[in-house]
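Everything below concerns the one structure shown next.
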Amino acid sequence: MRQCVVLGLGIFGASIAKTLAEKGCQVLAIDEDEEKVKEISDIVTQAVQADATDEKALRALGVDKMDVAIVSTGEDMEASILITLLMKEFGIKTIVSKAVSPSHGTVLRKVGATRVIFPERDTGVRVAKSLAAPDILEHISLSPEYSILEVHAPKSFIGRSLKEIDVRAKHGVDIIAIKKKLPYLTDTGESDFKEEILITPKADEEIADGDILVVLGDNKNIDKLRSL
Amino acid sequence: MVQDEKKDFKNLEAKIARIKDRKQKVEKLIELGKFYFLNEKYDEAIEKFKEASKIDEKNAEIYYNLGIVYESKNLPDEASRMYTKALELNPGHQLASKHLEKIVGK
């Protein structure tokens, strides 16, 4: 089990700590603010109120034995640089640090961060992309030519099976998964739906209204598919 | 005097019957809408729920159902408008607030 320490429990740090704990990692969460520590104490393995720049306190907590450190005290640049440096000195292999500006990121990399995250910049890019192409829900670029994309099923596909659509032959792409919504009624008779993902769907699988296709292929072919 | 009272009573009875009829109509349309929704016939479901909303404009349940169908069709903007309307009419509608939070973000 991976042992992770999260230093700084703002919105970014707290959500990382929470998700890591949910994924089964052992999480030590540290912040100076008692309230923030209290809020997360039931979710993570251990939550401690401490000064994350205090080397002695960190060693006493066993931070130097961790596999992963997340330095999420971005707004306080001086502290985040100092803590990243401390993590490097502790010999932690994976150090993820949050940066608020490119120059901050450069310094963090120099003092030992193995990965620098720019949450604001990255979110900005993601939001702009989703506004520019609302049908694309996720985009993983495999190379300049190839991508994996999550797109809404084109209208002309609805009610037809994968075999009938035959995207590989007709469009030169592969549908590697389908995200489906399964309507049901709750115990009290109210409408709701469950989400299900079909990995490597079978040829007789029918595309339904509202399905999301996970498509792998050449960018040009994927663009053609999107315009259907 | 007695005649007048009798007339009033008849009017009232007719009014109640009309309300009952209206209520039954709405219930039937909601039931039909849910049936289409469960069978993934989203456009037909929307039609039924919209018809129901024309008869009963202040029914949160109808707008919640429209939200669910729009969300199932990957139309988040329409869905969030419907959930918002459902919550205006019934602020305690838990499923509507759960779905709205998912779309808009907490």
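Per chain, numbering begins at 1; letters A, B, ... match sequence-line order. The structure displayed is predicted, hence computed values, not measured ones.
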How long is the straight-line distance from [atom2] of [Y] back to [atom1] of [X], given to the nearest 0.5 Å?
X: B/Glu71; Y: A/Ser191; atom1: CD; atom2: OG; value: 12.0 Å
X: B/Glu40; Y: A/Glu206; atom1: CD; atom2: CD; value: 9.0 Å
X: A/Ile158; Y: B/Tyr42; atom1: CD1; atom2: OH; value: 10.0 Å
X: B/Ser72; Y: A/Lys180; atom1: OG; atom2: NZ; value: 12.0 Å

Does [X] have more than 12 heavy atoms from other residues, nucleotides or ligands lying within 6.0 Å of its [atom1]?
X: A/Glu120; atom1: CD; value: no
X: A/Arg121; atom1: CZ; value: yes
X: B/Glu57; atom1: CD; value: no
X: A/Lys220; atom1: NZ; value: no
X: B/Phe35; atom1: CZ; value: no
X: A/Ile11; atom1: CD1; value: no
X: A/Arg168; atom1: CZ; value: no

Minimum heavy-atom distance B/Phe37-A/Phe193, with the two atoms named: CZ-CB, 4.5 Å
A/Asp192 side chain near B/Lys98 side chain, heavy-atom distance below 4.5 Å: yes
Salt bridge present between A/Asp211 and B/Lys73 (N-O < 4.0 angstrom): no
Test item: B/Lys34 side-chain N/O and A/Glu190 main-chain N/O as donor-acceptor pair under 3.5 Å: no
Per-residue contact mode, B/Leu95 against chain A (heavy atom under 4.5 angstrom): side chain
Residue, of A/Gly189, A/Pro183, A/Ala208, that accumulates the most heavy atom pairs under 4.5 Å with chain B: A/Pro183
